[in-house]
Amino acid sequence: MKFYKKGSKPYSQKSKDVVKNAKPSVIKDNSELFKFDIEELKKSKCKLIIGTDEAGRGPATGPVFAAAVCFLKYDEELFQKLNKLNDSKQISEKTRLELYPIIKECTINSITMVDENMIDRINILNATFEAMKNACMDVVRKVQTTCMVLVDGNFKVKGYEFPQKTVIKGDSKSASIAAASVLAKVERDNFMLKLDAEFPQYSWKSNKGYLSQAHIDAIKKYGPTKYHRKTFLRNILNNQKIEQQKLVF
């Protein structure tokens with residue numbers, strides 16, 4: 001994988017010019033999200049911006065997902081198509097499902113996951129970094145040019161050696177991070193629906209793997225499944241004063 005020097009042809013040769021020529025007056029509804037990315041790209045020495053975010057750090061079940069999203073151009077058509085774009089936590093499930101195919105169509109993107117077994121081995125923070133790194137590297141391979149990665153939160157992605165910048169609450173500030181948050185959230189929610197069909201007694205359809213009371217009660221009654229993060233159960237269930245011997249690991 002190589003960095004392209006200034007003057008070399010990126011995946012979208014006109015993308016930088018489009019960004020330079022983008023005028024705030026043409027940006028509608030969620031203007032601040034797109035203006036943030038446009039300004040970050042102007043300040044960087046890179047040709048494109050990638051936003052990355054995760055879904056599923058907190059649940060006690062299933063993988064953590066990460067997505068990386070790169071807009072190749074910014075124009076009126078894009079702004080209109082994504083006029084409902086926002087932090088995935090601030091919009092309804094219906095809106096997320098509406099945005100998902102549009103984001104997939106309008107961007108170069110990648111969605112990756114790290115499963116519960118790896119989470120137990122390397123911890124959730126490192127697993128999140130691994131998922132983000134793999135998603136970002138996949139997008140860089142696809143666009144074949146120098147990219148600045150905007151990372152949601154205050155930690156840079158460990159092991160990612162290319163330019164990156166942390167953005168606290170980035171999913172409410174950056175269009176590319178917000179788009180990544182939507183892809184990761186929808187993908188993980190869909191995955192948890194599949195797991196719920198296999199183990200309906202844990203109510204994953206509604207709790208998405210978080211330790212709701214119904215989920216805790218099911219673990220007490222049936223024990224953990226192969227999809228549970230065993231380290232999460234030890235830590236959290238001890239705090240709930242649930243008898244550990246009832247859990248069969």
Side-chain angles (χ1 to χ4, degrees), residues 1 37 48-71 85 87-89 96-97 99-100 103-104 107-143 147-196 204 207-211 225-233 235-236:
M1 197 182 303
D37 284 11
L48 294 170
I49 288 284
I50 294 173
T52 186
D53 199 4
E54 54 74 29
R57 281 183 63 177
T61 308
V64 61
F65 279 73
V69 167
C70 176
F71 292 104
L85 180 64
D87 171 8
S88 64
K89 299 184 292 296
R96 289 195 297 267
L97 291 174
L99 287 170
Y100 181 90
I103 294 169
K104 294 282 286 184
T107 68
I108 302 298
N109 59 79
S110 179
I111 306 170
T112 62
M113 71 176 186
V114 172
D115 69 21
E116 58 282 343
N117 294 319
M118 182 63 72
I119 291 171
D120 282 338
R121 285 199 295 271
I122 66 176
N123 77 48
I124 185 58
L125 183 59
N126 287 328
T128 301
F129 287 149
E130 185 68 16
M132 284 181 161
K133 179 185 71 174
N134 291 340
C136 290
M137 291 182 68
D138 189 31
V139 171
V140 171
R141 281 191 290 266
K142 290 174 181 177
V143 299
C147 301
M148 168 62 75
V149 173
L150 301 180
V151 186
D152 182 53
N154 55 359
F155 292 103
K156 289 186 176 181
V157 177
K158 186 188 298 185
Y160 187 78
E161 299 177 354
F162 300 141
Q164 57 177 309
K165 178 178 179 179
T166 59
V167 184
I168 296 174
K169 296 184 179 179
D171 43 11
S172 62
K173 296 177 181 177
S174 159
S176 56
I177 295 178
S181 76
V182 171
L183 294 190
K185 173 67 173 169
V186 171
E187 200 74 17
R188 188 178 191 280
D189 283 356
N190 288 341
F191 188 86
M192 291 308 299
L193 290 178
K194 295 177 182 178
L195 299 192
D196 179 79
W204 292 335
N207 63 49
K208 301 300 188 294
Y210 284 91
L211 285 172
T225 70
K226 60 185 177 180
Y227 299 116
H228 278 98
R229 304 172 185 178
K230 307 303 187 291
T231 52
F232 277 52
L233 296 184
N235 294 335
I236 299 173

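In this structure, the side chain of Arg188 engages the main chain of Lys208 through a donor-acceptor pair within 3.5 Å. Counting only distance, with no hydrogens or angles, the side chain of Thr107 and the backbone of Val69 share no donor-acceptor pair below 3.5 Å. Without hydrogens or angle criteria, Lys230 side chain to His228 main chain gives a donor-acceptor distance under 3.5 Å. Here the side chain of Ser174 pairs no donor or acceptor atom with the backbone of Asp37 at under 3.5 angstrom. No donor-acceptor pair closer than 3.5 Å links the side chain of Arg229 to the backbone N or O of Asn117. Judged by distance alone, the side chain of Lys185 and the main-chain N or O of Lys89 form no donor-acceptor pair under 3.5 Å.
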Please tabulate, for side-chain N and O atoms in residues 151-159, each donor-acceptor pair with protein atoms closer than 3.5 Å (sequence neighbours left out).
from	atom 1	to	atom 2	distance (Å)
Asp152	OD1	Gly170	N	2.8
Asp152	OD1	Asp171	N	3.2
Lys158	NZ	Asn126	OD1	2.8

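Rounding to the nearest 0.5 Å gives a distance of 10.5 Å between OH of Tyr227 and CG of Asp115. Rounding to the nearest 0.5 angstrom, the gap separating the CD1 atom in Ile50 from the SG atom in Cys70 is 5.5 Å. Met113 CE to Thr128 OG1: the interatomic distance, rounded to the nearest 0.5 Å, is 14.0 Å. A distance of 11.5 Å separates CE in Met137 from OG1 in Thr112, rounded to the nearest 0.5 Å.
For Phe65, the ring-ring contact (aromatic ring centres under 6.0 Å, His included) partners two or more places apart in sequence, or in a different chain, are Phe191. Scanning for salt bridge (charged side-chain N to carboxylate O under 4.0 Å, His left out) contacts around Glu130 gives Lys133, with sequence neighbours left out. Listed by chain and number, the residues in a side chain to side chain contact (heavy atoms under 4.5 Å, CB included) with Ser172 are Asp87, Lys169 (sequence neighbours excluded). With sequence neighbours left out, Lys226 forms a salt bridge (charged side-chain N to carboxylate O under 4.0 Å, His left out) with Glu198.
The salt bridge (charged side-chain N to carboxylate O under 4.0 Å, His left out) pairs that include a residue from residues 51-62 number zero, where partners must be two or more places apart or lie in different chains.
Nearest heavy atom pair, residue Ala60 against residue Leu211, reads CB-CG, 3.8 Å. Looking at every heavy atom in both residues, Trp204 comes nearest to Thr225 through CH2-OG1, 3.5 Å. Closest non-hydrogen pair, Gly58 versus Tyr210, comes out as C-CE2, 3.8 Å. Heavy atoms only, all atoms of each residue included: Ala67 and Ala135 are closest at C-CB, 4.1 Å. Nearest heavy-atom pair across Ser181 and Ser88 is OG-N, 3.2 Å. The two atoms that bring Leu183 and Tyr100 nearest to each other are CD2-CD1, 3.6 Å, heavy atoms only.
Side-chain polar atoms of Ser110 and Asp138 form a donor-acceptor pair below 3.5 angstrom.
Side-chain contact between Lys104 and Asn109: present, with at least one pair of heavy atoms (C-beta onward) separated by less than 4.5 Å. The closest side-chain heavy-atom distance from Ile119 to Val64 is below 4.5 Å. The shortest side-chain heavy-atom distance between Met118 and Pro63 does not fall under the 4.5 Å cut-off.
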**Item:** Derivation and outcome, side-chain contact (heavy atoms from CB on, under 4.5 Å), residues Tyr160 and Val140
**Value:** CA-CA 11 Å; Tyr160 187 78; Val140 171; 3.4 Å; yes
**Item:** Intermediate values then yes/no, side-chain contact (heavy atoms from CB on, under 4.5 Å), Leu99 and Arg96
**Value:** CA-CA 5 Å; Leu99 287 170; Arg96 289 195 297 267; 5.8 Å; no
**Message:** side-chain contact (heavy atoms from CB on, under 4.5 Å) for Asn123 and Thr231? Distances and angles first, verdict last.
**Reply:** CA-CA 8 Å; Asn123 77 48; Thr231 52; over 6 Å; no
**Request:** Test Val149 against Met132 for side-chain contact (heavy atoms from CB on, under 4.5 Å), laying out the working first.
**Result:** CA-CA 10 Å; Val149 173; Met132 284 181 161; over 6 Å; no
